[in-house]
Amino acid sequence: MMSLIISLGVVLVLAILYMIFRIGNLVGLVKGKKDESTSWNDINAYLMMIFMIAGLGAFFWYSFAHFDSYKLPVASEHGVITDNLFWVTMWVTVIAFVIIFIVMFWFAYAYRYQEGRRASYIADNHKLEIIWTVIPAIVLALLIFSGLKAWNDITAPASKDAVVIELIGQQFLWTARYPGVKDKQLGNHNYKMIDASNEFGLDLSDKNSFDDFKSLELHLPKGKEIQLKIRAKDVLHSVFLPHFRLKMDAVPGMQTTFKFVATKSTADMREETGNPNFNYEMACTEVCGKGHFSMKFPVFVHDTVEDYEKWMASQEAWLKQNPDYLQRVPVELREAAMIKAGIPADSKEAIAASPVTVTLN
Ligand SMILES: [Cu+2]
């Protein structure tokens with residue numbers, strides 16, 4: 001009720017103001033006063049010019065004064081290409097923006113109402129139409145095709161010896177799955193097999209899955225092709241590694257991929273930035289729910305492939321951490337699974353899962 005009264009009050013005040021304005025105009029006409037709109041047109045025209053100069057000045061000042069705060073070192077091969085595409089697009093749009101901005105305000109100033117001036121009539125101008133259609137078409141086509149080429153390179157299948165890592169997003173954390181250092185092949189997965197412990201839905205009938213391991217940090221080698229295989233368990237998430245100019249959505253029900261080569265290790269970046277505590281980080285850039293902000297994932301880039309493989313070898317296979325799941329391994333593959341996962345043959349889970357019951361005496 002109160003809000004209705006307030007709204008009615010506002011409408012009434014506006015109506016009264018309008019009536020006062022109308023009455024003022026009518027009184028002026030009756031008295032035979034000259035139309036004042038010409039002088040207001042002049043004032044507005046000058047204001048347009050002031051706005052044009054101040055607006056452009058502020059735009060360029062802000063862009064240059066804060067340049068360093070939105071410039072991030074680039075640490076991947078394709079990142080250099082992506083950056084070039086970004087800056088070419090930026091220059092094309094800035095040039096178009098400045099031309100349109102100046103012309104728009106200049107026309108409002110130069111062609112303001114003046115007594116006795118008549119607008120000239122132009123039906124059409126083929127030459128002009130062709131110029132302003134063909135030039136933007138060529139520029140846009142060049143931008144789109146060079147962007148498409150970069151996109152195709154990023155999403156193309158990786159070479160056979162590429163490092164393959166699986167990243168899984170869920171509300172609200174990331175997990176990474178690595179192939180074991182021996183086979184370097186990720187095992188199959190199936191969402192139907194996901195349970196409280198088997199968070200990847202690891203298919204234990206596939207022998208490649210025996211030595212796969214889980215990591216809560218993303219470890220990468222420098223100078224080697226890496227392919228990320230990305231999936232989501234619940235809603236849309238997005239893998240974002242700003243220093244590598246890498247961003248790819250994690251989509252439930254489908255796999256997305258991203259191929260790249262890291263060119264700077266964590267140690268290189270610590271030296272370049274002069275910050276001994278520098279660490280790469282990965283974030284989720286899809287607003288995926290209440291805990292979205294907490295989806296930060298630490299990233300470490302090793303100096304050499306050997307260092308990276310040493311780290312891989314130091315990790316424990318998922319199956320070793322969850323030996324109960326030996327029961328899910330087909331009987332004929334259990335021994336191989338135990339060897340590959342590094343499970344000692346005398347562990348109680350191994351004995352329980354063994355097809356032959358071992359009895360003493
Ligand atoms: Cu997310």
Side-chain angles (χ1 to χ4, degrees), residues 69-76 78-79 82-83 85-86 147 150-151 153-156 158 162-179 186-203 209 212-221 225-262 264 266 269 277-301 311 315 318 321-322:
S69 55
Y70 55 87
K71 196 182 66 175
L72 206 61
V74 55
S76 68
H78 78 273
T82 317
D83 270 14
L85 274 172
F86 172 80
W151 171 261
D153 288 345
I154 287 162
T155 52
V163 167
V164 179
I165 304 162
E166 186 182 57
L167 276 172
I168 302 151
Q170 71 184 81
Q171 289 173 319
F172 294 99
L173 57 97
W174 292 105
T175 31
R177 178 164 69 109
Y178 282 80
L186 281 172
N188 293 338
H189 63 83
N190 186 335
Y191 73 94
K192 288 179 184 162
M193 293 178 179
I194 293 176
D195 58 36
S197 304
N198 190 0
E199 57 202 295
F200 307 118
L202 214 58
D203 176 3
S209 68
D212 288 3
F213 64 88
K214 170 188 165 178
S215 175
L216 291 175
E217 281 178 354
L218 186 62
H219 282 250
L220 307 166
E225 191 174 284
I226 300 160
Q227 189 183 38
L228 296 183
K229 292 187 167 180
I230 301 159
R231 60 183 166 121
K233 279 200 211 164
D234 35 40
V235 297
L236 279 177
H237 299 275
S238 192
V239 171
F240 182 43
L241 288 153
H243 293 90
F244 304 104
R245 306 297 191 263
L246 189 162
K247 185 179 182 295
M248 182 59 78
D249 281 359
V251 187
M254 71 178 274
Q255 189 182 59
T256 49
T257 62
F258 202 110
K259 194 179 75 170
F260 71 108
V261 178
K264 290 172 192 170
T266 299
M269 282 299 275
N277 300 317
F278 173 87
N279 271 314
Y280 287 113
E281 64 179 57
M282 181 177 121
C284 176
T285 42
E286 194 73 58
V287 180
C288 53
K290 273 187 202 163
H292 165 67
F293 68 93
S294 65
M295 287 186 71
K296 182 176 154 184
F297 202 56
V299 181
F300 188 86
V301 182
W311 169 80
Q315 301 298 302
W318 180 86
Q321 291 176 335
N322 299 274

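Model, not experiment: these values are computed from the prediction. Both counts, for ligands and for their atoms, begin at 1 and track the order of listing.
Residue side and main chain included, Cys284 places an N/O/S atom under 2.8 Å of the Cu ion (ligand 1).
For His292 (side chain) and Glu286 (main-chain N/O), a donor-acceptor pair under 3.5 Å exists by modelled atom type.
A distance of 11.5 Å separates CG in Leu218 from OH in Tyr280, rounded to the nearest 0.5 Å. The line from NZ of Lys71 to CG of Asp83 is 10.5 Å long, rounded to the nearest 0.5 Å.
Per residue His237, closest N, O or S atom to the Cu ion (ligand 1): atom name ND1.
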Exercise. Should Tyr191 and Arg231 be marked as a side-chain contact (heavy atoms from CB on, under 4.5 Å) after you check the CA-CA gap, both sets of side-chain angles, and the distance that decides it?
Worked result: CA-CA 11 Å; Tyr191 73 94; Arg231 60 183 166 121; 5.7 Å; no

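Here Cys288 contributes SG and Met295 contributes SD, and at the Cu ion (ligand 1) these two atoms make an angle of 100°, given to 10°.
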